[in-house]
Amino acid sequence: MSIFALVDCNNFYASCERVFKPFLEGKPVVVLSNNDGCIIARSNEAKKLGIPMGAPFFKWEFEMRRNKVHVYSSNYELYGDMSQRVMDVLAMHCPDIEIYSIDEAFLLLDGFTWQDLNNYMLDLRQKIKQWVGLPVSIGFAHTKTLAKIANYMAKNHSDSGVFDLCDSKVREKVLSEFPIEKIWGIGRQLSIRLKDLNIHTARDLRNADPKRLRSHFSVVMEKIISELRGKSCISLETLASGRKQIISSRSFGKQVTKLEELEEAISTYAATAAEKLREQESVTRNITVFLHTNTFRENSPQYGNHANHKFIIPTADTRQIVTAAKKCLRNIYRKNYIYHKTGIILQNLMPDTVEQYDLLTFPERQQSKKMMALVDSINNLYGKDTIFYCAQGIEKPWLAHFNKRTPRYTTRWQELMKVK
DNA sequence: TCTGGGGTCCTAGGACCC
DNA sequence: TCTGGGGTCCTAGGACCC
């Protein structure tokens with residue numbers, strides 16, 4: 001039987017802020033989303049104050065000030081870099097690693113069973129704390145779904161920060177008390193329907209009839225049951241397989257009504273998406289552009305729409321993608337609305353090596369690739385947006401704001417920490 | 001003034017083909 | 001005048017995840 005570990009950083013964004021501000025240790029910390037809109041990360045102290053995940057900042061501002069909560073805008077560049085450092089340490093300790101999200105990774109420990117896994121994981125945890133400065137929790141078990149549960153236990157019911165769910169007696173006890181809505185893949189809707197069937201705990205679900213539940217729900221539910229039984233159905237996806245779609249969108253930092261501003265915004269997002277596309281060495285065949293007003297403002301007139309463009313020859317050229325995106329935007333733009341958000345989705349991605357040559361466009365395509373490679377290399381060397389497309393705008397009045405962002409200590413020379 | 005952003009997978013249903 | 005059955009592909013929408 002295989003053994004999977006799930007390594008998960010504790011309160012990742014809040015912990016990243018603490019690395020560079022040690023005085024935050026033991027104090028409540030929260031991190032906000034774009035535009036300082038919602039609370040998206042909380043330290044344990046902030047959780048204890050009852051501040052919920054995803055709550056709008058303005059509703060909690062007073063309460064947080066009263067409790068001296070330290071509030072930061074999100075600093076994705078910093079978090080991305082810190083994440084990379086954690087993943088590097090993990091990769092040094094286990095060759096089979098799947099980076100599942102910015103703060104989580106699965107490890108396949110099959111080759112390590114000759115030693116005491118618990119000690120190996122304790123040591124790994126200690127090294128990440130010492131070398132990167134971040135606290136992590138590690139759970140391990142025979143399937144990924146069980147490893148998720150083990151990780152929950154490590155985080156909430158273990159002093160060491162490591163939890164072993166391989167032992168059948170321990171597993172039986174944990175599953176019998178583990179609520180279904182906390183199981184990986186069971187969200188709000190599914191847990192309501194499962195409870196109607198008198199299934200309340202992970203043990204109840206494990207003991208249920210997989211075929212019957214498959215007909216009630218879907219093949220996903222059948223897999224979850226197998227995983228709970230210790231039969232691995234969800235394998236480790238070690239290859240960076242490349243995304244199947246790329247989205248780039250943001251809410252605006254102010255009210256936007258003019259087409260010109262929307263065009264700048266969509267050009268900016270299109271350029272970002274195209275960069276990501278080239279990074280994973282893909283081309284897109286199909287893009288969707290959407291825009292909409294603020295659905296929370298029920299009293300102002302609402303409008304939302306989307307438009308599609310197909311490329312005859314798949315592309316990763318920012319110029320083509322920006323042009324197509326602007327064309328889509330003009331098709332769906334209507335005057336006299338206050339817009340809140342626009343964005344672009346690149347779909348039907350394929351490797352850029354699979355080229356459908358066209359006798360006439362071949363040379364043009366080679367030029368395009370060279371041009372884009374040059375732009376990317378300049379921006380990689382000297383920093384993002386060293387050169388950019390005029391269509392993206394210069395002043396960008398529509399840009400989201402981050403009023404409480406900390407310096408990007410690890411990725412910008414100008415923002416390097418100063419020691420006095 | 002102020003409510004995030006970026007993903008995946010599955011299913012149902014329509015269009016189309018033979 | 002009548003109109004089956006099987007298959008594929010695509011899209012929209014729902015549910016979930018971090």
Side-chain angles (χ1 to χ4, degrees), chain A residues 6-13 30-42 52-62 64 71 73-76 79-80 83 98-106 144-145 148 151-152 180-194 214-224 233-234 237 240-256 265 269 272-273 276-277 280 285-286 288 290 292-298 300 306 308 310 338 340-349 399-404:
Chain A
L6 176 61
V7 182
D8 189 324
C9 301
N10 301 347
N11 316 322
F12 182 57
Y13 296 170
V30 304
V31 177
L32 306 176
S33 63
N34 275 331
N35 268 323
D36 296 340
C38 292
I39 296 159
I40 52 167
R42 306 154 298 156
M53 173 76 176
F57 172 50
F58 74 95
K59 283 189 182 168
W60 282 84
E61 195 170 6
F62 180 75
M64 292 204 289
V71 179
S73 303
S74 37
N75 188 344
Y76 291 111
Y79 308 151
S83 169
E98 171 186 344
I99 298 171
Y100 180 69
S101 75
I102 192 162
D103 71 331
E104 273 178 65
F106 286 102
K144 282 171 135 184
T145 304
K148 272 270 183 186
N151 188 277
Y152 179 89
I180 40 162
E181 63 269 18
K182 290 207 161 73
I183 298 172
W184 192 34
I186 311 280
R188 258 189 59 211
Q189 304 302 320
L190 292 179
S191 63
I192 292 169
R193 289 169 60 199
L194 282 167
R214 177 178 177 155
S215 66
H216 268 82
F217 299 92
S218 77
V219 63
V220 177
M221 187 64 76
E222 191 183 16
K223 280 188 187 167
I224 292 174
C233 296
I234 308 170
E237 294 185 20
S241 47
R243 285 182 286 264
K244 295 176 179 175
Q245 61 176 33
I246 292 171
I247 303 178
S248 180
S249 76
R250 292 281 183 287
S251 305
F252 300 125
K254 67 166 194 108
Q255 299 190 335
V256 171
Y269 305 149
T272 305
K276 285 191 203 165
L277 186 66
Q280 68 167 49
R285 205 158 51 163
N286 198 335
T288 298
F290 62 89
H292 57 77
T293 53
N294 190 342
T295 47
F296 285 101
R297 312 195 144 267
E298 286 163 4
S300 54
H306 58 92
N308 206 278
K310 282 192 169 66
I338 299 168
H340 178 242
K341 184 173 180 176
T342 184
I344 181 171
I345 311 174
L346 311 184
Q347 293 146 317
N348 257 309
L349 310 188
L399 213 57
H401 35 248
F402 299 84
N403 293 328
K404 308 174 215 342

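Below, chain A is the first sequence line, B the second, and so on; all start at residue 1.
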Looking at [options], which one has an atom nearest to any side-chain atom of [X]?
X      : options               : answer
A:K148 : B:dT3, B:dC10, C:dC17 : C:dC17
A:C38  : B:dG4, B:dG7, C:dC18  : B:dG4
A:W184 : C:dC17, B:dG6, B:dT3  : C:dC17
A:Y100 : C:dC18, B:dG6, B:dT3  : C:dC18
A:D103 : B:dG7, C:dC18, B:dT11 : C:dC18
A:L190 : B:dG6, B:dC10, C:dA15 : C:dA15
A:R250 : C:dA12, B:dG5, B:dG7  : B:dG5

Checklist entry - Closest nucleotide of DNA chain B for A:K254 versus for A:S251: which of these residues is on the 5' side? => result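 Result of the comparison: A:K254.
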
Item to check | Whichever of A:F217 and A:I246 has its nearest DNA chain B nucleotide further upstream toward 5' | outcome: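 Closest to the 5' end, via its nearest nucleotide, is A:I246.
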
Next on the checklist: Does C:dA15 have its OP1 or OP2 closer than 4.0 Å to a side-chain nitrogen or oxygen of A:R193?
Outcome noted: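 Result: no.
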
Next on the checklist: With a cut-off of less than 4.0 Å, is there a side-chain N or O of A:K244 near OP1 or OP2 of B:dC9?
Outcome noted: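 For B:dC9, OP1 or OP2 has a side-chain N or O of A:K244 closer than 4.0 Å.
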
May I have the distance from [X] (atom [atom1]) to [N] (atom [atom2]), rounded to whole angstrom?
X      : N      : atom1 : atom2 : answer
A:I40  : C:dC18 : CD1   : C1'   : 10 Å
A:Q189 : C:dG14 : CD    : P     : 11 Å
A:I99  : C:dC18 : CD1   : P     : 16 Å
A:M221 : C:dG14 : CE    : C1'   : 14 Å
A:D36  : B:dG4  : CG    : C1'   : 11 Å
A:Q347 : C:dC10 : CD    : P     : 12 Å
A:Y13  : C:dC18 : OH    : C1'   : 8 Å
A:H216 : C:dA15 : NE2   : C1'   : 17 Å

Side chain of [X], backbone of [Y]: donor and acceptor closer than 3.5 Å?
X      : Y      : value
A:D103 : A:S83  : no
A:S249 : A:I344 : no
A:Q347 : A:Q245 : no
A:N151 : A:L6   : yes

Checklist entry - What orientation do A:F106 and A:W184 show, parallel under 30°, tilted 30 to 60°, or perpendicular over 60°? => result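 If you compare the ring of A:F106 with that of A:W184, the planes turn out tilted.
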
Checklist entry - When the ring planes of A:Y79 and A:Y13 are compared, do they come out parallel, tilted or perpendicular, using 30° and 60° as the limits? => result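 The arrangement is parallel - the two ring planes meet at less than 30°.
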
Look at all strands and tell whether [X] reaches a base, only sugar-phosphate, or nothing, counting heavy atoms closer than 4.0 Å.
X      : result
A:H340 : sugar-phosphate
A:I186 : sugar-phosphate
A:F296 : base
A:K59  : nothing
A:K310 : sugar-phosphate
A:F12  : nothing
A:L32  : nothing
A:S248 : sugar-phosphate
A:Q245 : base
A:N35  : nothing

Checklist entry - Now, which nucleotide makes the Watson-Crick or G-U wobble pair with B:dC16, with each of the two distances under 3.5 Å? => result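 WC or wobble partner is C:dG7.
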
Next on the checklist: Let's go through A:L346 and A:K276 carefully: what are the C-alpha distance in whole Å and the side-chain angles of both, what is the deciding distance for side-chain contact (heavy atoms from CB on, under 4.5 Å) to 0.1 Å, and is it a yes or a no?
Outcome noted: CA-CA 10 Å; A:L346 311 184; A:K276 285 191 203 165; over 6 Å; no

